[in-house]
Student: 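Input: one structure, supplied below.
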Amino acid sequence: MRYQISVRGRLGRTMRSAFPALDAGVRGGDTVLTGTLADQAALYGVLAQIEALGLELLEVRRLADGERAHGERADHPAR
């Protein structure tokens, strides 16, 4: 399943590296992590990492098949 996960603020390179399976983008002043997660356990792992880093979770969206994340270009497929 593909997910779009939004957290408050712009994450620096070190913080983004905590989520190697996800692409990071910026929307306004917040960070949007997008990518495919193997199962619900993987999603919970990402959410636990967000909590452990003290980040504020804003939104979690499961993307429908073929749906692009907000701001994702058609010629730039997700990892």
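Positions are given from 1, in the same order as the sequence printed here.
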Student: Locate the shortest heavy-atom distance separating Leu57 from Val7; write the atom from each residue and the value.
Tutor: CA-CG1, 4.4 Å
Student: Considering all heavy atoms of both residues, which atom of Leu37 and which atom of Leu43 are nearest to each other, and what is their separation?
Tutor: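 Minimum heavy-atom contact is CD1-CA, 3.7 Å.
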Student: Do Leu53 and Phe19 have side chains that approach each other closer than 4.5 Å (heavy atoms only, starting at C-beta)?
Tutor: yes
Student: Applying side chain to side chain donor-acceptor pair (under 3.5 Å) as the test, list every pair that has at least one member in residues 38-47; sequence neighbours left out.
Tutor: Gln40-Tyr44
Student: Check the hydrophobic clustering (I, L, V, M, F, W, Y; side-chain heavy atoms under 4.5 Å; chains of links allowed) and say if Leu33 and Val26 are grouped together.
Tutor: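 Unlinked, Leu33 and Val26 end up in two clusters.
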Student: Are Val46 and Val60 grouped together when hydrophobic residues (ILVMFWY) are joined by side-chain heavy atoms under 4.5 angstrom apart?
Tutor: yes
Student: Hey, is the main chain of Gly28 close enough, under 3.5 Å, to the side chain of Arg10 for a donor-acceptor pair?
Tutor: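 Yes, because the side chain of Arg10 sits within donor-acceptor range (under 3.5 Å) of the backbone of Gly28.
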Student: Nearest 0.5 Å, what's the OH-OG1 distance between Tyr3 and Thr34?
Tutor: 13.0 Å
Student: Decide yes or no for Leu55 and Leu11: does some side-chain heavy atom of the first lie under 4.5 Å from some side-chain heavy atom of the second?
Tutor: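 They are in contact (side-chain heavy atoms under 4.5 Å apart), so the answer is yes.
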Student: Going by the rule side chain to side chain donor-acceptor pair (under 3.5 Å), which residues pair with Thr31 if we only count those two or more places apart in sequence or in a different chain?
Tutor: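 Thr31 satisfies side chain to side chain donor-acceptor pair (under 3.5 Å) with no residue once adjacent residues are dropped.
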Student: Around atom CD of Gln49, are there more than 12 heavy atoms of other residues, nucleotides or ligands at under 6.0 Å?
Tutor: yes
Student: Are Met1 and Ile5 linked, directly or through other ILVMFWY residues, by side chains that come within less than 4.5 angstrom of each other?
Tutor: yes
Student: Could you measure the distance from the CG atom of Asp23 to the CD atom of Gln4? Nearest 0.5 Å is fine.
Tutor: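 Between atom CG of Asp23 and atom CD of Gln4 there are 11.5 Å.
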